[in-house]
Amino acid sequence: MNTLFDVMQLLKKYGIFIYTGERAVDLELMEEEVRELYEMKMIEAETFQKALLLIRHEKT
């Protein structure tokens, strides 16, 4: 996982599509969804960490 697109593909794999038209809101929702996937043990810790890092990098 190297780009935000990869994070979007990960979410898509679980049937999660996020597009509100506002980038900041999209990033917040992506972070929440990734966190929920991790809490439900659907993704590994390494994947979770990489996804959060990419999302947070895009926020800046």
Side-chain angles (χ1 to χ4, degrees):
M1 187 174 316
N2 298 314
T3 65
L4 187 63
F5 181 74
D6 295 333
V7 175
M8 293 168 66
Q9 292 301 320
L10 173 70
L11 293 173
K12 184 179 175 183
K13 177 180 170 184
Y14 292 99
I16 302 167
F17 298 88
I18 296 175
Y19 180 76
T20 63
E22 293 186 38
R23 187 156 178 82
V25 175
D26 289 349
L27 293 171
E28 283 296 322
L29 290 172
M30 284 183 203
E31 187 172 332
E32 288 178 29
E33 293 294 340
V34 167
R35 190 175 309 282
E36 284 185 28
L37 288 173
Y38 176 68
E39 288 173 359
M40 292 187 292
K41 308 275 191 248
M42 296 180 80
I43 59 174
E44 296 180 11
E46 184 178 345
T47 303
F48 170 67
Q49 291 172 343
K50 284 183 181 180
L52 279 188
L53 183 65
L54 289 166
I55 292 168
R56 290 179 181 167
H57 182 339
E58 288 292 321
K59 286 183 180 179
T60 59

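Distance check, rounded to the nearest 0.5 Å: CE of Met30 to CG of Leu10 gives 11.0 Å. Here the CD1-CG distance, from Ile55 to Leu52, works out to 6.0 Å after rounding to the nearest 0.5 Å. Leu29 contributes atom CG, which lies 10.5 Å from atom CD of Glu22 (distance to the nearest 0.5 angstrom). The structure places CD of Glu44 at 13.0 Å from CG of Leu37, a figure rounded to the nearest 0.5 Å. Tyr14 OH to Glu36 CD: the interatomic distance, rounded to the nearest 0.5 Å, is 13.5 Å. In this structure, the separation between OG1 on Thr3 and CD on Gln9 is 8.5 Å, given to the nearest 0.5 Å.
Asn2 and Asp6 make their closest contact through N-OD2, 2.7 Å (heavy atoms, listed as atom of the first residue, atom of the second, distance). Nearest heavy-atom pair across Ala51 and Val7 is CA-CG2, 4.0 Å.
Under the rule for a side chain to side chain contact (heavy atoms under 4.5 Å, CB included), the partners of Phe17 that lie at least two apart in sequence or sit in another chain are Lys12.
Other residues, nucleotides and ligands contribute at most 12 non-hydrogen atoms within 6.0 Å of the NZ atom of Lys41. For Met1, the CE atom is densely surrounded, since the number of other residues' heavy atoms within 6.0 Å is greater than 12.
Transitive grouping of hydrophobic side chains (ILVMFWY, heavy atoms separated by less than 4.5 Å) brings Tyr38 and Met40 into a common cluster. In the hydrophobic clustering of this structure, Leu11 groups with Val25; members are Ile, Leu, Val, Met, Phe, Trp, Tyr whose side-chain heavy atoms approach within less than 4.5 Å, directly or through other members.
Salt-bridge annotation for Glu39 and Arg35: absent, with no side-chain N of the basic residue lying under 4.0 Å from a carboxylate O of the acidic one.
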